[in-house]
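Okay, structure first, notes after.
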There are 2 protein chains.
Amino acid sequence: MTSGRVTIADVARRAGVSTAAVSKVVRGAYGVSAEMQAKVTQAIDELGYRPHAAARALRGRTYTLGVMLSDTRNPFFPDIIEGVTGRLRDTEYQVLLGPGGIEPRTQARMTDAMIDRSMDGLILISPVMTDAELAAIAAAVPVVVVGRHGGAGASSAAYDSVVDDDVMGARLVVDHLVGLGHTRIAHITHLERARAQGLPHTVRAEGYRQAMRAHGLADDVLATSFTEEGGFEGARELLARDDRPTAIFAGADIAALGVLRAADEAGLSVPEDLSVAGYDNIGIASLKRISLTSVDQDGHVIGATAARLLVERIEGRSRSVASSVSPTLIVRGTTGPPRL
Amino acid sequence: MTSGRVTIADVARRAGVSTAAVSKVVRGAYGVSAEMQAKVTQAIDELGYRPHAAARALRGRTYTLGVMLSDTRNPFFPDIIEGVTGRLRDTEYQVLLGPGGIEPRTQARMTDAMIDRSMDGLILISPVMTDAELAAIAAAVPVVVVGRHGGAGASSAAYDSVVDDDVMGARLVVDHLVGLGHTRIAHITHLERARAQGLPHTVRAEGYRQAMRAHGLADDVLATSFTEEGGFEGARELLARDDRPTAIFAGADIAALGVLRAADEAGLSVPEDLSVAGYDNIGIASLKRISLTSVDQDGHVIGATAARLLVERIEGRSRSVASSVSPTLIVRGTTGPPRL
DNA sequence: GTGAAAGCGCTAACAC
DNA sequence: GTGTTAGCGCTTTCAC
């Protein structure tokens, strides 16, 4: 089977035409008569011919798009991937995912590997690289970056980007809580590892500050980490204060789960004694037993947008595009009016 | 940069040798003097040469292994993938993931695409295909199937397989519950969609039955679905009975979460009134607020084993291997002695 | 031990 | 509108 592969020459012989003609029909290129089209198509079907991607790669495209994942465990990757594959379903492009790991080095190795495999374009999800590295990759292949905000003026023109509007997401939460009557609203964020910038947690924290200011309220940001433990520790510290907050907005659902545990342990009932909101709307947030108010990023739209932009780039657009997807607040059982 | 790619000819020129020599050095093949080895290696470094995978594919290997994912949302995929990539880290193989979807058709399209891209071997995770289709793929490329039990005698010789020992996992749960004093232990399984066989849930249910029988207890299997709702509905039905079970073993954690909700709503406390156990040990099972007793599959070992077997196959083994990985029971807060 | 040369399957000029 | 042909970058006999 491997060696007995059907080639374009077999099809040409069968249809009684040249290989060039077959190639044109396969690619849907210009200059083929309906008659030839029919003959070739029939021969292809009879023989079960499928173009050999590697051979194509040597001259033209591979019709392969790569998606580099920075962290396979990230709970909204599946949505983004579904968005990407859904958008590409009826095209001839195939999507392959590359587990890049969380280290800049392993991510670089993966993007190199994808370029070596002649992929036609790359979607990088939350890449941990310098803008210079990103620009270098974008110089070699069309690139769309997902999940990194704005950043580096000039060099960013080399690639397109899609982000969740994290400022808006944070504002939705604050507005919701203020609307319920809360005034002491704390925010738990992720402790920054100096190097990368424009990361979602930074933007969410900034959005929170802006929104609080807009309401004339004092902000209160605590940086731990986006883990269950991080949320737990942060909440424990916040709840130990004299004038403890009546609401805690965690920058990620996983941390919000830790906050809920801290509330449990402190004997506080949610949402009566403490309102809790998260970000990302991960699957379990909707479980009745959790029922966490959260900001939904609509990974489908993000993925579909990234796919659309990438194909546009491949097909010739050179002007760079930065797309921002609006999040939605999903109100559930963990937020309510503060006790009077 | 794209057009300015460094080729083997550039390296050969720089080192003052033939392209054939460079090729041998790159592949670590026989018959190269130490001196040539040194010259070539230096030229490669100076020029930053990386072999072009597509060009290699036309003659030899691509050093690319494909992992077909049947359902990106499956919570233990990340572990399996980490196991695979971890095992391959220090080899020259690269791993690319293919989102195959849950339909046989889309999965077939993905495996075709991977074969068209000349991947050296494929790992198929929980593929939904007939054994004949699997055999056809295995005839074209080395294959390791993960998550499908035994099955089709003869044809299975065409590929290797790695499975979790689901019979053992089910027994661990039953033994644990019986040891605590339970006798009325019910099992919630997934309603079978006729076609595929040897699927984990079937084997888990069978393992549960065997274990119950071994203890001289009557089994009690209810088939709903492996969703939160499925677990909820199943548990509601079970708990409405006169002699309701004192323990429910759900064949998947997600369903166990539904069972917990049903217990909450019925006013039963866990584990005093009802013990609950799941399977898969998904991330949130360990959250203090959930603390679900569950069976852990060790996806790392499963992934690493699959990678090892695949590489062995590629390098020549023809005898087929079926590997079974032992699961572990993680006892947490949802199981305890029944109320007397 | 090393190099020359023939392809692998396909695409893209360029002739016809 | 269709066919001929020259490579793409690499691997692999086969001479030397």
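In the text below, chain A, chain B and the rest are named by the order of the sequence lines, each starting its count at 1.
Side-chain to base pairing of A:R59 with D:dG7: one donor and one acceptor N or O lie within less than 3.5 Å of each other.
Counting to the nearest Å, the P atom of C:dT2 and the CD atom of B:Q37 are 11 Å from each other. Rounded to whole Å, the distance from CG on B:L58 to P on C:dA6 is 17 Å. Straight-line distance from the CZ atom of A:R56 to the P atom of C:dA12: 10 Å, rounded to whole Å. Protein atom NZ of A:K24 is 7 Å distant from nucleotide atom C1' of D:dT2, rounded to whole Å. In this structure, the NZ atom of B:K39 is 11 Å from the C1' atom of C:dG1, given to the nearest Å. Computed from coordinates, the A:Y49 OH to C:dG9 C1' distance equals 7 Å when rounded to whole Å. One interatomic measurement links the two molecules: CZ of B:R61 to C1' of C:dC8, which rounds to 17 Å at whole-angstrom precision. One interatomic measurement links the two molecules: CZ of B:R5 to C1' of D:dC10, which rounds to 12 Å at whole-angstrom precision.
Between A:S33 and D:dG1 there is no side-chain polar atom (N or O) within less than 4.0 angstrom of OP1 or OP2.
If you check D:dG3, C:dC10, C:dT2 against the side chain of A:A21, the one that comes closest is D:dG3. Of the candidates D:dG3, C:dT11, C:dA4, the closest approach to any side-chain atom of A:A20 belongs to D:dG3. Listed candidates were D:dG9, D:dG3, C:dG1. Nearest to the side chain of A:S18 is D:dG3. The side chain of B:R27 lies closest to D:dT11, out of D:dG9, D:dT11, D:dT2.
Among the heavy atoms of the strands lying under 4.0 Å from B:V32 are primed sugar atoms or P, OP1, OP2 only; no base atom is included. At a threshold of 4.0 angstrom between heavy atoms, the contacts of B:V17 are confined to the sugar-phosphate backbone, with no base atom among them.
Ion pairing between a basic and an acidic side chain is recognised when a charged N comes within 4.0 Å of a carboxylate O; A:D116 and B:R50 show such pairing. We find that A:D10 and A:R13 are joined by a salt bridge, their nearest charged nitrogen and carboxylate oxygen being less than 4.0 Å apart.
The residue among A:T19 and A:E35 whose nearest nucleotide of DNA chain D lies closer to the 5′ end is A:E35. Of the two residues contacting DNA chain C, namely B:A55 and B:G16, the nearest-nucleotide position lying further toward the 5' end is that of B:G16.
Taking every heavy atom of both residues into account, B:K24 and B:V32 meet most closely at CB-CG1, 3.9 Å. Listed here is the closest heavy atom pair of A:T106 and A:E103: OG1-O, 3.0 Å. When all heavy atoms of B:S320 and B:Y159 are compared, the closest pair comes out as OG-O, 3.5 Å.
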